[in-house]
Amino acid sequence: MPKTSIIPAGSGTPLAPFVPGTRADNIVYVSGTLPFDEDNNVVHVGDAAAQTRHVLELIQRVIETAGGTMEDITFNSIFLRDWDDYAAINAVYADVFPGDKPARYCIQCGLVKPDALIEIASIAHIPH
């Protein structure tokens with residue numbers, strides 16, 4: 001099965017060997033997305049809600065570059081640094097996914113940079 005790398009315009013160079021997204025048939029896999037700017041600096045330090053919105057906007061760019069919308073996302077893996085940020089993250093998440101929500105899981109863990117409060121990876125099914 002052929003696969004296509006999805007790299008939105010303006011994407012920075014990743015910290016590790018990966019691409020922002022990969023499309024295989026009608027499925028798009030979005031790599032773990034952190035609250036980074038184009039130079040891999042953490043944005044909105046200390047603000048879990050703003051970091052969550054930034055991460056979801058980056059994910060949206062990948063999905064739209066692949067020809068889809070946020071409504072095509074079927075699953076999210078959410079990694080947060082501190083459970084104290086759970087309510088703020090969920091408030092933004094509910095705003096971005098107002099209708100039928102994707103399936104998801106959420107775990108607490110350390111992230112690649114200490115100021116990053118959240119990371120999200122997504123799977124979307126985009127119609128041909």
Nearest-0.5 Å distance, [atom1] of residue [X] to [atom2] of residue [Y]:
X    : Y    : atom1 : atom2 : value
H54  : L34  : NE2   : CG    : 9.5 Å
I7   : T13  : CD1   : OG1   : 9.5 Å
T52  : D85  : OG1   : CG    : 8.0 Å
I78  : E119 : CD1   : CD    : 11.5 Å
N90  : L80  : CG    : CG    : 9.0 Å
K113 : N40  : NZ    : CG    : 5.5 Å

Using a 3.5 Å distance criterion without hydrogens, assess whether the side chain of [X] forms a donor-acceptor pair with backbone atoms of [Y].
X    : Y    : answer
R53  : V96  : no
T33  : S31  : yes
T74  : I123 : yes
R23  : D25  : yes
H125 : N26  : no
E64  : P8   : no

Applying the 4.5 Å side-chain criterion to the ILVMFWY set and letting contacts propagate, would [X] and [Y] be lumped into a single cluster?
X    : Y    : answer
I27  : I6   : no
F79  : F36  : yes
L117 : V112 : no
L15  : L58  : no

Y86: partners by ring-ring contact (aromatic ring centres under 6.0 Å, His included), with sequence neighbours left out: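 Result, ring-ring contact (aromatic ring centres under 6.0 Å, His included) vs Y86: W83.
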Sequence-distant partners of Y93, ring-ring contact (aromatic ring centres under 6.0 Å, His included), two or more places apart: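 Listed in chain order: F97.
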Charged tip of K3 within 45° of Y29 ring normal and under 6.0 Å: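 K3 over Y29 ring: no.
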For [X] and [Y], work out which heavy atoms get closest and say how close.
X    : Y    : value
P98  : D95  : CD-O, 3.6 Å
L111 : A116 : CD1-O, 3.4 Å
V62  : G21  : CG1-CA, 3.9 Å
P35  : I118 : CD-O, 3.2 Å
D39  : D37  : N-OD1, 2.9 Å
Q51  : G46  : NE2-N, 4.1 Å

Stepwise side-chain contact (heavy atoms from CB on, under 4.5 Å) check, I73 with I59: CA-CA 10 Å; I73 293 177; I59 289 169; 3.9 Å; yes
Plane angle bin for Y105 and F75 - parallel if under 30°, tilted between 30 and 60°, otherwise perpendicular: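 Rings of F75 and Y105: tilted, as their planes differ by 30° to 60°.
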Any N76 side-chain heavy atom under 4.5 Å of C106 side chain: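 No - every pair of side-chain heavy atoms lies 4.5 Å or more apart.
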Neighbour count >12 (heavy atoms, 6.0 Å) for atom CD, Q108: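 Yes - once you tally the heavy atoms of other residues, nucleotides and ligands closer than 6.0 Å, there are more than 12.
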Residue D100 excluded, over 12 heavy atoms near CG under 6.0 Å: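 It does not: D100 CG has 12 such atoms or fewer within range.
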